[in-house]
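Quick notes on the structure that follows.
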Amino acid sequence: MSKPILYSYWRSSCAWRVRIALALKNIEYDYRPIDLFSEESKYLDEAYPDPPFLPKELDKRAYSRAIALHIVSSIQPLQAISIHKMLNEKEAGYGDSWCNHFVTRGFYALEELLRKYSGKYCVGDQLTIADINIPSIIYNAKIYKVDMSPYPTLVRIAGTLEEDPRFQAAHPD
């Protein structure tokens, strides 16, 4: 199989998740930067099945998907760069407040999910598609000065992921 090409914007949370997925699968890839302002991972799990991103147990598969979808559809879109920029143009600092509010709101629900289903990682002790979504949303929470003290489970899991060299290699910095 040929080496995949990742066309990516350096700070894209979606691309960040793909970089983590590639690292977890030990897939070497060619990186092609793109500029989002001038112009995921199901395929990876099917083309490269080991290690799997979804647990074998049906309930854990569902929890992994639920956590991942909560992040990518309920938290991340509400603090996109374009929304932040538009709101700050209307009133200085309003974009930061907006993003902080919606990340905080999303984290309350996320913390509840993680309390129920986490082990070492988001769902038990296996890295899943849910874990791939954690670093980028934590990064954005720091940008928008979200108080992380109400989310000890999320903070613990994020800390565990930060120690993994594959997650470190995927970091946009």
Side-chain angles (χ1 to χ4, degrees), residues 5-24 29 31-44 53 62-118 121-123 128-162 164 166-173:
I5 299 171
L6 176 61
Y7 295 90
S8 174
Y9 175 66
W10 72 275
R11 195 173 154 227
S12 164
S13 57
C14 298
W16 191 347
R17 291 188 291 268
V18 173
R19 289 192 304 270
I20 292 169
L22 289 164
L24 291 173
Y29 61 94
Y31 179 80
R32 302 283 195 290
I34 60 168
D35 182 355
L36 289 180
F37 299 102
S38 67
E39 314 224 356
E40 191 134 22
S41 65
K42 183 181 175 185
Y43 165 80
L44 288 177
F53 288 143
Y63 305 145
S64 297
R65 286 185 175 120
I67 292 167
L69 288 173
H70 175 70
I71 294 168
V72 302
S73 64
S74 297
I75 302 173
Q76 189 265 333
L78 294 169
Q79 40 84 44
I81 292 172
S82 58
I83 292 172
H84 181 261
K85 182 179 176 186
M86 179 192 72
L87 293 172
N88 274 344
E89 286 173 358
K90 290 184 182 260
E91 181 182 332
Y94 185 63
D96 291 345
S97 298
W98 166 278
C99 293
N100 179 294
H101 170 79
F102 283 105
V103 171
T104 297
R105 185 173 138 194
F107 277 8
Y108 276 111
L110 180 58
E111 180 70 15
E112 289 302 311
L113 287 169
L114 295 174
R115 279 189 199 147
K116 289 180 184 177
Y117 307 119
S118 71
Y121 301 112
C122 289
V123 179
T128 70
I129 196 166
D131 299 287
I132 291 170
N133 292 279
I134 298 294
S136 60
I137 204 68
I138 294 292
Y139 186 86
N140 286 348
K142 290 176 183 175
I143 290 171
Y144 301 121
K145 298 174 178 64
V146 172
D147 175 11
M148 296 302 291
S149 62
Y151 320 111
T153 312
L154 177 57
V155 169
R156 176 185 54 77
I157 292 167
T160 299
L161 298 174
E162 285 176 2
D164 188 314
R166 300 166 296 179
F167 282 74
Q168 293 170 359
H171 198 283
D173 290 344

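- Atom CG of L24 and atom CG of D164 lie 6.5 Å apart (nearest 0.5 Å).
- Minimum interatomic distance between D96 and N88 (heavy atoms only, all atoms of both residues): N-OD1, 3.8 Å.
- Residues I67 and A130 approach most closely at CG2-CB, 3.6 Å, considering heavy atoms.
- Counting heavy atoms from C-beta on, the side chains of R156 and L114 never come closer than 4.5 Å.
- Side chains of I5 and Y31 form no contact here, defined as non-hydrogen atoms less than 4.5 Å apart.
- Scanning all heavy atoms of the two residues, the minimum distance from S118 to T153 falls at OG-CG2, 3.4 Å.
- Atom CD1 of I20 and atom OG of S136 lie 6.5 Å apart (nearest 0.5 Å).
- Put simply, OH on Y29 and CG on L22 are 6.0 Å apart, with the number rounded to the nearest 0.5 Å.
- Judged as a side chain to side chain donor-acceptor pair (under 3.5 Å), the pairs with a partner in residues 62-73 (not counting sequence neighbours) are, in order, S64-T128.
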### Task
Any chance you could lay out the side-chain contact (heavy atoms from CB on, under 4.5 Å) test for V72 and R17, step after step, and finish with the verdict?
CA-CA 10 Å; V72 302; R17 291 188 291 268; 3.4 Å; yes
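- For the atom pair CD of Q76 and CG of N133, the computed distance is 9.0 Å after rounding to the nearest 0.5 Å.
- Residues V18 and Y7 fail the side-chain proximity criterion, which asks for heavy atoms closer than 4.5 Å.
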### Task
Test side-chain contact (heavy atoms from CB on, under 4.5 Å) on F102 and I75 and set out the steps.
CA-CA 7 Å; F102 283 105; I75 302 173; over 6 Å; no
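- In plain terms, the two heavy atoms of A21 and I132 that are nearest each other are CB-CD1, 3.9 Å.
- The shortest side-chain heavy-atom distance between Y121 and T160 falls under the 4.5 Å cut-off.
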Can I get a per-line list of side-chain donor-acceptor pairs under 3.5 Å for residues 141-150, giving both atom names and the distance, sequence neighbours left out?
from: D147; atom 1: OD1; to: S149; atom 2: N; distance (Å): 3.0
from: D147; atom 1: OD1; to: S149; atom 2: OG; distance (Å): 2.8
from: D147; atom 1: OD2; to: S149; atom 2: OG; distance (Å): 3.1

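- Side-chain contact between R32 and L6 is absent, with no heavy atoms from C-beta onward closer than 4.5 Å.
- For the pair R19/P172, a side-chain contact is recorded, criterion being any heavy-atom separation below 4.5 Å from C-beta on.
- Taking the charged nitrogens against the carboxylate oxygens, E111 and R115 do have a contact shorter than 4.0 Å, which makes a salt bridge.
- The minimum heavy-atom distance linking W16 with P135 is given by the pair CH2-O, 3.5 Å.
- The heavy-atom pair separating I134 from C122 by the smallest distance is CG1-SG, 3.6 Å.
- Note that the SG atom of C99 and the CG atom of N140 stand 8.0 Å from one another [nearest 0.5 Å].
- The CD1 atom of I157 sits 9.5 Å away from the CD1 atom of I138 when rounded to the nearest 0.5 Å.
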